[in-house]
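The structure appears below as structure tokens.
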Amino acid sequence: MALSWNEIKDRALKFTNEWKDESRERAEKDTFWNDFFNVFGITRRRLATFEEPVKKLNNNFGFIDLFWKGTLLVEHKSKGRDLDAAFEQATDYFHGIKEHELPKYILVSDFERFKLYDLEENETHEFPLTEFHKNIKLFGFIAGYQKKSFKEEDPVNIKAAELMGKLHDKLEESGYEGHPLEVFLVRLLFALFADDTGIFEKDTFKEFIDVKTHEDGSDLGALLAQFFQTLNTPREKRSKNLDEHLNSFPYVNGKLFEEPLPITSFNSRMREILLECSSLNWGKISPAIFGSMFQSVMDPQERRNLGAHYTSEKNILKLIKPLFLDGLWEEFHKVKGNSKKLNEFHHHLGSLKFLDPACGCGNFLIITYRELRLLELEVLKKLYGTQQVTGIDQILHLNVDNFYGIEYDEFPARIAEVAMWLMDHQMNLLVSETFGQYYARLPLRKGATILNSNAVRVDWETVVPKTELSFILGNPPFYGYSLQTKEQKEDMKLVFAGFKGAGVLDYVTSWYLKAAKYIQNTPIKAAFVSTNSIVQGEQTAILWNSLFNTFNIQIHFAHQTFRWTNEARGNAAVYCVIVGFANFDTNDKYIYEYEDIKGEPHEIKAKNINAYLVDAPNVFIDKRTKPLCDVSPMVKGSQPTDGGNLLLDEEEKDELIAKNPLSEKYIKPFISAHEFLHNKKRYCLWLTDISAHELRSMPLVLERISKVKEMRLASSKASTKKWADFPTLFTENRQPKNSFILVPRHSSENRRYIPMGFFSSENIIGDSCSAIDKASLYEFGILTSIMHMAWVKYTCGRIKSDFRYSNTIVYNNYPWPKGPSEKNKKSVEEKAQKVLAVRASFPESSLADLYDPLTMPPALVKAHQALDKAVDLCYRPQPFPNETGRIEFLFSLYNEYTMPLLGKLPKA
């Protein structure tokens with residue numbers, strides 16, 4: 001068992017006093033270092049060797065004064081010698097040391113001075129022998145105490161996961177696979193952490209592999225099986241003849257080592273990989289981060305994006321702080337001066353229970369537990385100060401058995417259990433350091449409850465009764481409806497039975513509905529990370545109308561759309577929201593708004609948070625077949641379904657006219673979103689009025705028509721097959737009869753405005769666009785304003801992060817200005833015409849270039865700003881301070897327009 005810091009400090013002071021006044025000769029170097037290691041309760045002979053021979057870069061042999069493989073190299077000099085030169089000499093030995101045996105620290109000394117080099121952190125500490133006891137914590141790595149400065153992308157996390165991946169592959173190649181392999185790797189994970197964090201005596205597991213097994217690895221599998229059995233056996237029940245090294249390991253229990261496993265077969269390379277793993281500093285690896293990385297090693301595809309799949313601590317804190325942590329800290333600061341109330345608060349902390357019903361490797365549970373333990377530590381400091389406590393186990397109220405998870409895959413479920421124990425141990429070390437007593441919960445008697453099951457189908461009350469639970473949290477799987485597996489689609493049908501339109505919902509919505517049902521008539525608060533699609537477009541009304549009106553769900557806090565990402569290799573960004581909710585209302589509602597979705601949010605107190613995560617009335621934007629206001633209808637463009645045979649590029653058009661001149665009168669400009677935005681030209685055969693005689697006279701056109709018929713007949717869709725009888729026509733013809741406004745159905749999120757344009761009916765509009773027939777300049781001005789864009793951002797569906805503009809959701813529900821004056825309408829028309837004029841002054845530039853934020857001409861920016869002001873005045877005389885003000889106004893106006901018995905609606 002590791003010594004407490006108080007014991008180590010006492011020994012360090014004794015060591016200093018024994019050596020500071022005496023004149024010691026070089027012959028006593030062994031005694032000096034034996035006494036040095038004894039300060040930490042470590043037997044030097046077990047860990048380190050004197051005069052270790054090693055070949056240097058010049059091929060000459062040198063002798064390392066003291067070498068603890070993989071951890072520490074000591075170079076000792078006579079009094080007064082140059083310690084910098086000693087450091088250079090120490091690094092000269094690196095050439096002859098195996099990579100996994102390279103030290104993390106170099107310590108040089110001359111009996112009177114110490115100079116410690118931390119090679120991983122690139123730090124140097126120098127002090128005289130007389131101050132050794134004051135600097136004792138620099139040597140925590142010897143006793144098993146580690147500095148906790150986890151970095152999400154620390155190379156040691158990735159290196160560890162990659163090495164475990166290699167070992168996984170080698171074991172699988174040898175025929176060791178499936179459940180036994182997963183359990184085996186999780187056990188190794190525990191042992192590697194234990195070896196560096198004080199659960200085991202420092203490096204005993206590493207030494208066990210290095211010293212007790214053959215280099216060819218032939219006996220390693222059998223000895224590991226014996227090692228696992230030993231950890232599962234109380235000391236008093238172990239064989240009297242058990243190897244002394246094995247018997248030094250503690251009894252762990254916790255069912256982690258209970259299940260008998262088939263014995264693995266190792267070879268020399270597999271043994272070498274395990275030694276490389278054990279040489280890493282596992283005390284620096286965060287269980288929260290490494291768990292997900294470790295899971296990803298099981299899938300070679302995912303391993304290429306190692307690190308892309310974990311949830312960063314920063315993003316986890318975005319959820320848990322407003323859900324419960326901020327409130328607990330606030331309460332702590334209120335009661336910390338009153339010992340009675342502080343004791344009550346401490347008991348309250350110990351009573352809180354948490355469920356993550358899609359826990360993966362336990363990231364949310366682990367970070368939650370860590371943050372609560374840090375808060376508890378502050379409570380303990382206030383309650384006990386510097387006084388001696390009788391037993392740390394008597395003053396701790398928090399333990400991992402108050403944490404529950406549900407996880408579909410077995411491997412991450414088992415990782416989550418172990419990772420919770422590891423975090424518990426790391427926090428126990430922190431308490432040990434604070435109160436000067438070493439404390440470890442061994443044997444393991446309590447653990448987190450992680451159910452390996454399908455959370456969508458299992459009754460959550462069988463995991464933890466809702467009368468006992470405090471909070472639900474997590475990051476359920478996102479999958480959009482088109483990406484769901486057959487089983488997931490069946491899950492959705494089961495959860496949303498009887499829900500109209502539920503087939504378009506993301507998979508994550510199952511957790512929202514399950515949670516809403518579970519928390520009925522309870523004080524439980526819940527929060528999930530989700531894709532932003534559940535608060536945009538058609539999904540919003542389908543999901544939230546039911547949650548609000550059937551289950552009385554109230555949103556307490558929300559992070560509006562932000563970019564969920566980390567710096568892992570090849571990581572793709574996901575656009576997320578966080579929604580915190582309960583079955584009761586509160587006056588403390590907060591919206592976290594992002595001016596830059598890649599940046600930090602600012603907090604806004606809200607009166608109400610609606611389904612679009614805006615401080616506005618609870619409105620639901622359902623699909624609407626006709627516009628809410630009296631404006632021109634919008635329709636989707638025409639669809640050829642032709643296999644490309646009715647479409648022509650510039651060269652094909654010229655060739656066709658040259659060979660079949662009559663075809664010219666049937667060729668019209670064809671405009672899709674791509675052509676419109678990028679200033680490209682394409683054409684189509686528009687044969688709605690062609691006679692059979694004319695068609696016969698154009699063999700090349702006839703050839704194309706024949707291919708259209710073949711393509712449609714070959715289709716698996718019955719509706720397409722029917723259109724084979726009409727090969728000259730588009731399958732969907734919605735071509736406007738008059739001049740129209742073209743609106744691309746998809747547009748980049750980066751554009752401040754969706755580019756729109758006027759066209760005559762001679763231009764055939766494709767189905768990647770929508771058209772507003774007989775539209776006016778006033779309508780164009782309103783639609784190309786920042787006011788309309790605010791509505792688009794909150795109600796529009798998305799493809800990834802780009803806008804997916806629909807007539808039924810966005811346009812038909814848009815609340816147009818209420819009774820604008822003719823003066824204001826005329827102003828909008830003038831400013832809209834100016835926008836068109838400025839665009840026309842850049843004939844060589846595409847709309848994609850003109851509306852790119854980086855290349856948008858100043859003249860166009862100013863023209864749009866003038867238009868924005870004119871549009872704002874149509875809504876109200878007062879200016880809008882920001883986008884939030886605009887969308888709140890629009891939702892209130894929408895609510896007014898849709899109230900029953902309302903009179904005449906606005907007309908464009």
A quick test of your reading: do over 12 heavy atoms of other residues, nucleotides or ligands sit less than 6.0 Å from [atom1] of [X]?
| X | atom1 | value |
| --- | --- | --- |
| Glu272 | CD | yes |
| Lys170 | NZ | no |
| Phe478 | CZ | yes |

The single option from Leu372, Ile366, Leu352 passing side-chain contact (heavy atoms from CB on, under 4.5 Å) against Phe403: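 Only one option passes, and that is Leu372.
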Partner of Tyr117 by side-chain contact (heavy atoms from CB on, under 4.5 Å), out of Asn122, Val108, Thr91: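 That would be Val108; it is the only one of Asn122, Val108, Thr91 passing the side-chain contact (heavy atoms from CB on, under 4.5 Å) with Tyr117.
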Check whether any side-chain heavy atom of [X] sits under 4.5 Å from a side-chain heavy atom of [Y], and report yes or no.
| X | Y | result |
| --- | --- | --- |
| Pro180 | Glu259 | no |
| Leu66 | Phe37 | yes |
| Leu380 | Leu396 | yes |

Pair Glu313 + Arg370: basic N to acidic O under 4.0 Å: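 Counted as a salt bridge, because a side-chain N and a carboxylate O are separated by less than 4.0 Å.
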Salt-bridge contact Glu276-Arg269 (side-chain N to carboxylate O under 4.0 Å): yes
Can a side-chain donor-acceptor contact be found between [Y] and [X] if the only test is distance below 3.5 angstrom?
| X | Y | answer |
| --- | --- | --- |
| Ser218 | Asp216 | yes |
| Tyr251 | Glu236 | no |
| Arg238 | Thr230 | no |
| Arg373 | Asn428 | yes |
| Glu410 | His179 | yes |

Less than 6.0 angstrom separating the ring centers of [X] and [Y], yes or no?
| X | Y | result |
| --- | --- | --- |
| Phe32 | Phe15 | yes |
| Phe67 | Tyr93 | no |
| Phe139 | Phe132 | yes |
| Phe364 | Phe354 | no |

Tell me whether [X] contacts the main-chain N or O of [Y] through its side chain, where contact means a donor paired with an acceptor under 3.5 Å.
| X | Y | value |
| --- | --- | --- |
| Tyr176 | Pro262 | yes |
| Glu75 | Gln89 | no |
| Arg414 | Val183 | no |
| Trp421 | Val400 | no |
| Thr204 | Phe200 | no |
| Asp243 | Leu246 | yes |

Qualifying residue, where the test is side chain to side chain donor-acceptor pair (under 3.5 Å) with Lys202 and the options are Asp196, Thr197, Asp195: Asp196
When rounded to the nearest 0.5 angstrom, what distance separates [atom1] in [X] from [atom2] in [Y]?
| X | Y | atom1 | atom2 | value |
| --- | --- | --- | --- | --- |
| Lys314 | Ile367 | NZ | CD1 | 14.5 Å |
| Thr449 | Glu417 | OG1 | CD | 8.5 Å |
| Glu215 | Ser268 | CD | OG | 9.0 Å |

Pair Asp203-Thr71, side-chain hydrogen bond (donor to acceptor under 3.5 Å, both in side chains): steps then yes or no: CA-CA 9 Å; Asp203 279 356; Thr71 302; 3.2 Å; yes
Passing candidate, ring-ring contact (aromatic ring centres under 6.0 Å, His included) with Phe227, options Phe190, Phe205, Phe184: Phe205
Non-hydrogen atoms of [X] and [Y] that approach each other most closely:
| X | Y | result |
| --- | --- | --- |
| Val431 | Leu377 | CG2-CD1, 4.0 Å |
| Asp356 | Gly474 | OD1-CA, 3.6 Å |
| Arg11 | Asn38 | NH1-O, 2.7 Å |

Intermediate values then yes/no, salt bridge (Lys or Arg N to Asp or Glu O under 4.0 Å), Lys137 and Glu433: CA-CA 10 Å; Lys137 289 198 175 181; Glu433 184 177 338; 3.0 Å; yes
Ring-face cation of Arg187 near Phe228 (centre distance under 6.0 Å, axis angle within 45°): yes
